[in-house]
> 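Take a look at the following structure, please.
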Amino acid sequence: MYIGVDLGTTACKAALYAVDGQVLAEFNREYPLIKQQGRVEQDASLWWLIVREAIASVADGYSKSVQAISVSTQGISFVPVDHAGNPLYNAISWLDLRGEQELSQLALRFSDDDIYRKTGKHLNGAYSLPKLMWFKNHHPDLYERTDRISMPLDFLNQKLCGLAVTDYTMAGGTMLYDLHNKVWDEELLDFARLDRSKMPEVQCMGAQLGPILPEAASELGLSAKTQIILGGQDQKLAAIGAGIREGFCTVSLGTSAAVTELTSIFDPLSDKPQFRLNDTHFVKESAVSVSGAALKWLSHILGDIPYREMDELAEKTPNGSGSVLFNPAFLENASVNGITLSTTRGEIIYALYEGIAREIKRCVSDTVPEIKVFGGGAKSQIWCKILARILQRDLEILDTTETACLGAAIIASGYALPDANTIIRLTGKEE
């Protein structure tokens with residue numbers, strides 16, 4: 001039996017899988033962000049508390065049969081910790097943009113192309129590097145006391161097995177990691193005046209870190225022989241759970257939408273963020289920042305109607321969206337155009353589905369013939385049909401929304417577990 005844990009931005013999920021892939025137990029619990037004065041943080045101590053609860057919950061009754069555990073986590077967020085792995089400051093979330101001034105300093109020294117060729121990231125304040133610079137500039141005493149800059153993955157691995165090890169996909173979200181030489185980039189470290197010794201060790205996803213610590217095994221009721229296997233960043237683990245391979249890409253229809261494509265070659269001219277997945281492959285990853293969140297907003301505006309009812313209304317529109325055009329750029333300047341006195345709720349809902357589908361289309365490479373779709377939005381058959389038509393690609397709709405947990409369990413099993421099953425197949429010609 002294998003446990004896959006997914007520590008996301010606002011929720012922790014976990015599942016216990018039998019050797020045939022059957023889900024034996026599941027866990028899902030939300031936890032808070034700390035928002036104040038335009039900043040977004042987390043209490044990193046909650047990462048361990050909730051993961052500990054998740055593992056104990058799904059292992060209950062099967063604890064001595066659990067062979068291995070692997071963890072999927074949110075990326076880009078980080079927390080300074082002491083030698084014992086205890087937080088010295090709140091974790092700074094990937095949603096936080098406090099390093100804009102430091103980003104401007106980076107842009108004066110390095111071109112966008114310089115950064116991209118090294119790290120696979122275009123200059124952006126969401127990544128860790130400018131916020132690490134901010135932390136050192138504004139809290140020099142705390143920085144000196146910091147033993148390690150920890151990301152959620154290595155933070156949890158230290159608690160589970162005593163080794164603070166992260167993987168390529170997590171390191172890649174810092175805008176500080178050389179994807180080609182698989183090292184923390186010395187030129188960027190020197191410019192930012194950051195200590196290499198404070199950065200975590202990086203290994204390839206799937207590395208066997210060793211047995212669970214005796215005290216953790218005792219606390220969780222697990223066998224002392226339970227192995228901890230190195231996981232990775234949640235969107236990459238979700239793509240693995242969805243069965244990503246070359247020639248396919250995955251689309252996660254969640255609060256935001258993530259489009260992930262596997263490739264064996266780094267593309268220096270791409271406009272998409274790239275990550276090293278393992279020793280042989282990279283992934284290109286694009287995001288539509290507001291997807292399911294836009295649907296939630298529209299549901300509320302229309303009187304908090306259930307998503308199922310929204311689908312039914314959209315399905316009953318004889319002319320689709322009619323004249324309505326929905327631009328779902330909620331983080332910039334969203335808009336709804338073409339409304340008349342005869343416009344129906346169903347047409348507005350249909351137009352939102354189309355608008356998000358158009359945004360996803362901009363993220364999908366022309367060379368990808370087939371796409372695997374999962375996440376909460378994949379439960380909407382009308383939305384998936386619209387997506388297939390606009391993308392003009394075949395879609396496989398998967399049978400689980402929790403592919404990050406499944407991906408982590410697949411890694412824990414050494415790729416012995418099956419990936420998610422296709423329950424619906426749509427062609428790009430379908431309306």
> When you look at CD of E309, are more than 12 heavy atoms from neighbouring residues, nucleotides or ligands closer to it than 6.0 Å?
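Atom CD in E309 is crowded, with more than 12 foreign heavy atoms closer than 6.0 Å.
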> Between the main-chain N or O of V368 and the side-chain N or O of R393, is there a donor-acceptor pair closer than 3.5 Å?
yes
> Can you name the closest pair of heavy atoms from T146 and F135 and give their distance?
OG1-CE2, 4.0 Å
> Indicate whether the side chain of S45 and that of D43 have a donor and an acceptor atom separated by less than 3.5 Å.
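Judged by distance alone, the side chains do pair up.
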> Closest heavy-atom contact between C384 and G377?
SG-O, 4.4 Å
> I'd like to know whether CD of E30 has more than 12 heavy-atom contacts from other residues, nucleotides or ligands below 6.0 angstrom.
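No.
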> What I'd like to find out is whether the side chain of L188 reaches to under 4.5 Å of the side chain of T119, using heavy atoms alone.
yes
> Could you tell me which non-hydrogen atom of A314 sits nearest to which non-hydrogen atom of Y350, and how far apart they are?
O-CD1, 3.5 Å
> Taking C-beta and beyond as the side chain, do C204 and D279 meet within less than 4.5 Å on heavy atoms?
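In short, these two side chains touch, coming nearer than 4.5 Å.
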> If you apply the rule side-chain contact (heavy atoms from CB on, under 4.5 Å), what do you find for T422 with L398, and how did you get there?
CA-CA 4 Å; T422 300; L398 304 182; 3.9 Å; yes
> Is any side-chain N of the basic residue among D114 and R117 closer than 4.0 Å to the acidic one's carboxylate O?
yes
> Between the main-chain N or O of Q208 and the side-chain N or O of Q227, is there a donor-acceptor pair closer than 3.5 Å?
no
> State whether E396 and K372 are salt-bridged, where the test is any N-O pair (Lys NZ or Arg NE/NH1/NH2 against Asp/Glu carboxylate O) under 4.0 Å.
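Yes, charged N to carboxylate O under 4.0 Å.
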> Looking only at non-hydrogen atoms, find the nearest pair between D147 and D82 and report the distance.
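Scanning both residues completely, I find the closest heavy atoms to be CB-C, 3.5 Å.
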> Above 12 or not: heavy atoms from other molecules or residues under 6.0 Å from CD1 of I265?
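12 or below, so no.
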> Is there side-chain contact between E312 and R308, with heavy atoms separated by less than 4.5 Å?
yes
> Can K296 be said to sit on top of Y307's aromatic six-ring, NZ or CZ under 6.0 Å from centre and within 45° of the ring axis?
no
> To the nearest 0.5 Å, tell me how far I360 CD1 sits from S291 OG.
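One finds 5.5 Å between CD1 of I360 and OG of S291.
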> Around atom CG of N333, are there more than 12 heavy atoms of other residues, nucleotides or ligands at under 6.0 Å?
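No, the 6.0 Å shell around CG holds no more than 12 heavy atoms from other groups.
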> Keeping the roles fixed (side chain from S63, backbone from G221), state whether a donor-acceptor pair exists under 3.5 Å.
yes
> Donor-acceptor pair, T226 side chain versus S223 backbone, under 3.5 Å?
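Indeed, once roles are kept as given, a pair shorter than 3.5 Å links the two residues.
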> Donor-acceptor pair, R276 side chain versus Y168 backbone, under 3.5 Å?
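Checked: no pair found.
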> Near K35 NZ, under 6.0 Å, is it more than 12 heavy atoms from other residues, nucleotides or ligands?
no
> Is the CZ atom of R39 crowded by more than 12 outside heavy atoms at less than 6.0 Å?
yes
> For a 4.5 angstrom cut-off between non-hydrogen side-chain atoms, does M170 reach P152?
yes
> Would V81 and N86 count as a side-chain contact (heavy atoms from CB on, under 4.5 Å) if you check the C-alpha gap in whole Å, the side-chain angles of each, and the deciding distance to 0.1 Å?
CA-CA 5 Å; V81 299; N86 300 312; 5.9 Å; no
> Please report the C-alpha distance between L194 and L176 in whole Å, then the side-chain angles of each, then the deciding distance to 0.1 Å, and finally whether the side-chain contact (heavy atoms from CB on, under 4.5 Å) criterion is met.
CA-CA 10 Å; L194 297 171; L176 185 55; 4.2 Å; yes
> Looking only at non-hydrogen atoms, find the nearest pair between Y116 and F266 and report the distance.
O-CZ, 3.5 Å
> Within the 4.5 Å heavy-atom criterion, are C12 and V51 side-chain neighbours or not?
yes
> Going by atom types alone, do D113 and S111 pair a side-chain donor with an acceptor below 3.5 Å?
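There is no such pair (donor and acceptor under 3.5 Å, judged by atom type) between the side chains of D113 and S111.
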> Can you name the closest pair of heavy atoms from A164 and P200 and give their distance?
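Heavy atoms of A164 and P200 come nearest at O-CB, 4.0 Å.
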> Hey, does L103 have a side-chain heavy atom less than 4.5 Å from the side chain of L97?
no
> To the nearest 0.5 angstrom, please state how far the NZ atom of K272 sits from the OG1 atom of T263.
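Nearest 0.5 Å value for the NZ-OG1 distance: 10.5 Å.
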> With the side chain counted from C-beta on, respond yes when I240 and D419 share a heavy-atom pair under 4.5 Å apart, and no when they do not.
no
> Look at K136 together with E102 and state whether they make a salt bridge at an N to O cut-off of under 4.0 Å.
no
> Rounded to the nearest 0.5 Å, what separation is found between the CD atom of E402 and the NZ atom of K13?
3.5 Å
> Please determine whether side-chain contact (heavy atoms from CB on, under 4.5 Å) holds for the pair M133 and F191, giving the CA-CA distance in whole Å, both sets of side-chain angles, and the decisive distance to 0.1 Å.
CA-CA 10 Å; M133 294 170 64; F191 178 80; 4.2 Å; yes
> Looking at Y143, is its backbone amide N or carbonyl O close enough to the side chain of K198 to form a donor-acceptor pair, meaning the two atoms are under 3.5 Å apart?
yes
> Does R196 have more than 12 heavy atoms from other residues, nucleotides or ligands lying within 6.0 Å of its CZ?
yes
> Apply the side-chain contact (heavy atoms from CB on, under 4.5 Å) test between S270 and each candidate in K284, E261, H122; give the one that qualifies.
K284
> So that I can tick it off, tell me whether D311 and K379 are bridged by a salt bridge, with the cut-off set at under 4.0 angstrom between side-chain N and carboxylate O.
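A salt bridge is absent here (no side-chain N lies under 4.0 Å from a carboxylate O).
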> Using a cut-off of 6.0 Å, state whether more than 12 heavy atoms not belonging to K64 lie near its atom NZ.
yes
> Quick check: do L156 and W48 have side-chain heavy atoms less than 4.5 Å from each other?
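Yes, close enough: below the 4.5 Å cut-off.
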> Quick check for you: to the nearest 0.5 Å, what is the distance between M310 atom CE and S380 atom OG?
9.0 Å
> Kindly say whether L123 contributes a backbone atom to a donor-acceptor pair with the side chain of D112 at under 3.5 angstrom?
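Flag set: sc D112 to bb L123 pair under 3.5 Å.
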> Would you give the length of the straight line joining atom CG of L153 to atom OG1 of T166, rounded to the nearest 0.5 angstrom?
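Rounded to the nearest 0.5 Å, the CG-OG1 separation comes out at 4.5 Å.
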> So, are R148 and D154 salt-bridged, with charged N and O less than 4.0 Å apart?
yes
> With distance as the sole test, does S57 use its side chain to make a donor-acceptor pair with the main-chain N or O of E53 at under 3.5 Å?
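No, because the side chain of S57 does not come within donor-acceptor range (under 3.5 Å) of the backbone of E53.
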> Do K131 side-chain atoms and D96 backbone N/O form a donor-acceptor pair below 3.5 Å?
yes
> To the nearest 0.5 angstrom, please state how far the OG atom of S256 sits from the CD atom of Q235.
6.5 Å
> Determine yes or no for a side-chain-to-main-chain donor-acceptor pair under 3.5 angstrom, with Q67 supplying the side chain and M1 the backbone.
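Yes; judged by distance alone, with no hydrogens or angles, the pair exists.
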